[in-house]
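Some notes on the structure that comes next.
Only this structure's heavy atoms are used, side chains among them; waters, hydrogens and symmetry mates stay out. Along the sequence shown, the residues carry numbers beginning at 1. For ligands, and for the atoms within them, numbers begin at 1 and follow the listed sequence.
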Amino acid sequence: MTVLPVIGITAAFDEEEERYSLSRYYVEAVARAGGIPLIVPPLSFEMAAAVLEKIQGLLLSGGGDLDPAYFGEEPLPYTKGINPRRDIFELALARAALVRQVPVLGICRGMQVLNVAAGGTIYQDLILGTAHPLKHYQEAPRWYGTHDIEIQPGSKLHSVLGVRRLRVNSFHHQAVRQIAPGFKISALARDGVVEGIELGNHPFVVGVQFHPEGMWEREPVFLGLFTALVKAAKKR
Ligand code: MN
């Protein structure tokens with residue numbers, strides 16, 4: 001009998017509706033990659049470490065903006081969708097995962113959570129980082145790639161995806177500014193926007209700004225990210 005690794009996937013919380021939520025795409029990608037998806041709602045700071053004891057891998061999902069207070073800034077009008085419960089819990093979860101060497105895949109907001117948890121910063125809007133940004137918030141369907149990324153040769157992302165250039169979807173208005181200590185950039189868009197980061201000295205900590213969970217059904221190359229997370233989780 002093969003034992004499948006449990007992959008915790010963080011869920012969103014809607015304060016008004018009083019409802020937890022997570023897109024089916026994350027769940028199905030993890031299941032397809034051979035992991036048991038466990039939906040993890042925002043819990044207390046103290047619960048983060050306890051949750052990590054129960055999972056072999058962590059997927060930080062997409063969502064609204066982090067409170068800029070976590071990277072030392074007051075909010076600008078660009079920032080939207082701050083969710084205090086989610087921020088507190090996911091930052092605690094990410095920090096504990098880095099310390100305990102739990103494999104992590106951070107998607108969109110999840111990549112930004114990873115960067116901030118490790119001491120990096122975020123542009124509250126893309127326009128602050130580049131005078132002529134590409135369109136990073138597409139209206140095209142989720143499964144459709146709208147801009148290219150260039151992947152760093154020799155990066156983990158390169159070995160996982162096996163290509164140097166990839167057309168990805170894009171649903172973000174913020175971007176990584178200062179890379180956290182120990183992390184490196186693994187992919188850039190043509191306008192210089194960071195589309196991937198990863199941590200060297202750790203079994204598997206990979207962040208991507210695009211949404212592979214929305215694309216793998218039509219373009220199997222994107223499933224590679226989930227397969228790599230599950231594979232790293234199996235080794236725990
Ligand atoms: Mn983008």
Side-chain angles (χ1 to χ4, degrees), residues 10 12 23 25-26 29 59-66 68 71 76-82 90 94 104-118 120-153 155-158 160-180 183-199 205-226 228-229:
T10 56
S23 156
Y25 290 109
Y26 296 102
L59 200 173
L60 296 165
S61 63
D65 298 345
L66 271 167
F71 48 94
L76 300 173
Y78 303 111
T79 282
K80 51 198 172 194
I82 290 178
E90 287 188 344
V104 189
L105 173 60
I107 293 178
C108 198
R109 167 194 163 89
M111 173 175 104
Q112 299 177 0
V113 167
L114 268 178
N115 191 51
V116 171
T121 65
I122 302 293
Y123 286 116
Q124 291 189 48
D125 194 88
L126 286 162
I127 200 78
L128 301 170
T130 168
H132 302 286
L134 297 172
K135 186 177 177 72
H136 285 277
Y137 212 108
Q138 69 186 52
E139 280 102 39
R142 288 195 93 71
W143 51 264
Y144 188 72
T146 59
H147 74 65
D148 276 355
I149 58 168
E150 197 139 325
I151 298 169
Q152 289 298 115
S155 63
K156 219 166 269 183
L157 190 66
H158 184 212
V160 165
L161 297 174
V163 291
R164 287 286 316 281
R165 181 167 297 180
L166 192 59
R167 202 146 183 87
V168 300
N169 58 6
S170 198
F171 296 93
H172 60 109
H173 78 100
Q174 296 193 331
V176 164
R177 185 176 194 163
Q178 262 178 326
I179 306 288
F183 278 76
K184 59 178 187 178
I185 293 173
S186 60
L188 289 170
R190 207 74 62 81
D191 56 4
V193 166
V194 175
E195 291 277 340
I197 62 170
E198 59 193 47
L199 184 57
V205 176
V206 170
V208 291
Q209 190 60 71
F210 51 94
H211 284 272
E213 81 285 359
M215 298 192 74
W216 68 268
E217 283 178 321
R218 285 168 191 256
E219 294 181 58
V221 62
F222 288 98
L223 191 67
L225 278 160
F226 302 94
L229 172 65

Ignoring hydrogens and geometry, is there a side-chain-to-backbone donor-acceptor pair from [X] to [Y] under 3.5 Å?
X	Y	result
D191	A131	no
R167	T146	yes
Q138	P141	yes
T121	R177	no

Output the atom name for the N/O/S atom of [X] with the smallest distance to the Mn ion (ligand 1).
X	answer
H172	NE2
E195	OE2
H136	ND1

- Tell me, please, if S170 has any N/O/S atom, main chain or side chain, under 2.8 Å from the Mn ion (ligand 1)? yes
